[in-house]
There are 2 protein chains.
Amino acid sequence: MANQFGDKIKQLREANHLLQRQVASELEIDTPMLSKIERGDRKAKKEQVLLFAKLYNADKEVLLTLWLADQVYDLVKDEEMATDALKVAESQFKYKTRRKL
Amino acid sequence: MANQFGDKIKQLREANHLLQRQVASELEIDTPMLSKIERGDRKAKKEQVLLFAKLYNADKEVLLTLWLADQVYDLVKDEEMATDALKVAESQFKYKTRRKL
DNA sequence: TATTGACTTGTCAGATATTGGCAAATATAC
DNA sequence: GTATATTTGCCAATATCTGACAAGTCAATA
């Protein structure tokens with residue numbers, strides 16, 4: 001997993017002087033799992049992203065964005081048409097939201 | 001599945017006056033499967049995308065782009081931070097490719 | 001260098017999702 | 001109506017993901 005999110009939450013954890021043990025306990029997962037999430041080995045659940053934001057007093061929109069971006073990146077990273085596809089998806093998204101209004 | 005790709009290949013099939021039966025046979029799948037791919041119910045394999053391009057004499061880059069874009073769209077469609085995440089993923093992608101050179 | 005504490009790695013069974021294919025339903029054309 | 005084309009529903013096989021645990025490394029320090 002491409003890992004902007006993991007890097008960020010590791011950074012935040014350290015800035016808050018917390019151990020994986022402590023954070024893991026709050027998230028009700030074990031330390032190996034947290035380690036893997038920080039290292040990008042495993043994907044956090046959306047609900048856990050919100051908990052990270054709360055625990056670290058961080059902007060949840062920022063974390064959710066990085067979390068999603070990593071997933072998008074993983075999906076397209078090996079594809080030649082990656083950036084084109086991202087642009088197409090983006091315009092498709094904008095079109096749909098515009099229609100909803 | 002968001003369906004720019006399916007619409008496109010259905011359009012191309014009809015422009016080429018081909019039946020699902022015929023195309024499916026070329027792809028070595030059954031017609032229900034092709035129907036589902038055209039309708040966005042099932043995702044085509046990358047290898048099948050290339051076959052579509054060949055069969056319909058279409059630009060494979062275009063088809064691959066739509067095919068990937070649909071997948072990206074599906075991933076982000078229900079997320080509030082969707083467009084932000086796409087932008088972040090895009091810049092991440094550009095950075096990595098730049099580094100590779 | 002033995003012990004301790006923090007973190008990481010490997011593995012695996014169980015859960016979940018995806019796939020391919022068939023049978024049946026529906027739509028379209030004649 | 002019949003015949004042909006397409007779609008829908010379903011299911012078993014397979015693949016992928018998940019959570020959990022045991023064992024590993026690494027760094028600090030007694």
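Letters A, B, ... mirror the listed sequences (proteins, then strands); counts begin at 1.
- Protein chain B touches strand DNA chain D; the 5'-most and 3'-most nucleotides with an atom under 4.0 angstrom of its non-hydrogen atoms are dA5(D) to dC10(D).
- Grouping the Ile, Leu, Val, Met, Phe, Trp and Tyr side chains by contacts below 4.5 angstrom, directly or via other members, places Ile37(A) with Leu18(A).
- Residues that satisfy the salt bridge (charged side-chain N to carboxylate O under 4.0 Å, His left out) test with Asp74(A), not counting sequence neighbours, are Lys77(A).
- For the side-chain contact (heavy atoms from CB on, under 4.5 Å) test, residues two or more places apart in sequence or in another chain that qualify with Glu26(B) are Leu55(B).
- For the atom pair Leu27(A) CG and Asp30(A) CG, the distance stands at 11.0 Å (nearest 0.5 Å).
- Partners of Glu80(A) under the side-chain contact (heavy atoms from CB on, under 4.5 Å) rule, at least two apart in sequence or in another chain, do not exist in this structure.
- For the segment residues 29-44 of chain B, residues with any heavy atom less than 4.0 angstrom from an atom of DNA chain D are, sorted by number, Thr31(B), Pro32(B), Ser35(B), Lys36(B), Arg39(B), Arg42(B).
- Atom-to-atom distance recorded for Thr31(A):OG1 and Gln22(A):CD is 11.5 Å, nearest 0.5 angstrom.
- Taking a 4.0 Å limit (strictly below) on heavy-atom distances, residues 47-58 of chain B does not reach DNA chain C anywhere.
- Residues Val23(A) and Phe52(A) are in side-chain contact: their nearest non-hydrogen atoms beyond the backbone lie under 4.5 Å apart.
- Listed in residue order, the members of residues 7-24 of chain A having a heavy atom less than 4.0 Å from DNA chain D come to none.
- The nucleotide range of DNA chain C contacted by chain B, defined by atoms under 4.0 angstrom from heavy atoms of the protein and reported 5' to 3', is dT19(C) to dA23(C).
- The list of side-chain hydrogen bond (donor to acceptor under 3.5 Å, both in side chains) pairs with a residue in residues 46-69 of chain B, not counting sequence neighbours, reads Glu79(A)-Lys46(B).
- Lys8(A) pairs by the side-chain contact (heavy atoms from CB on, under 4.5 Å) definition with Gln11(A), Leu12(A), Leu63(A), Leu66(A), not counting sequence neighbours.
- Looking at residues two or more places apart in sequence or on another chain, you find a side chain to side chain donor-acceptor pair (under 3.5 Å) between Arg13(A) and Glu38(A).
- A distance of 7.5 Å separates OG in Ser35(B) from NZ in Lys10(B), rounded to the nearest 0.5 Å.
- Here Arg39(A) contributes atom CZ and Leu34(A) contributes atom CG; the two are 12.0 Å apart, rounded to the nearest 0.5 Å.
- Taking CZ of Arg42(B) as the reference point, atom CE of Met33(B) lies at 5.0 Å (rounded to 0.5 Å).
- Note that the CG atom of Leu68(B) and the CG atom of Leu86(A) stand 8.0 Å from one another [nearest 0.5 Å].
- Identified under the salt bridge (charged side-chain N to carboxylate O under 4.0 Å, His left out) test for residues 83-93 of chain A, with sequence neighbours left out: Lys87(A)-Glu90(B), Glu90(A)-Lys94(A), Glu90(A)-Lys87(B).
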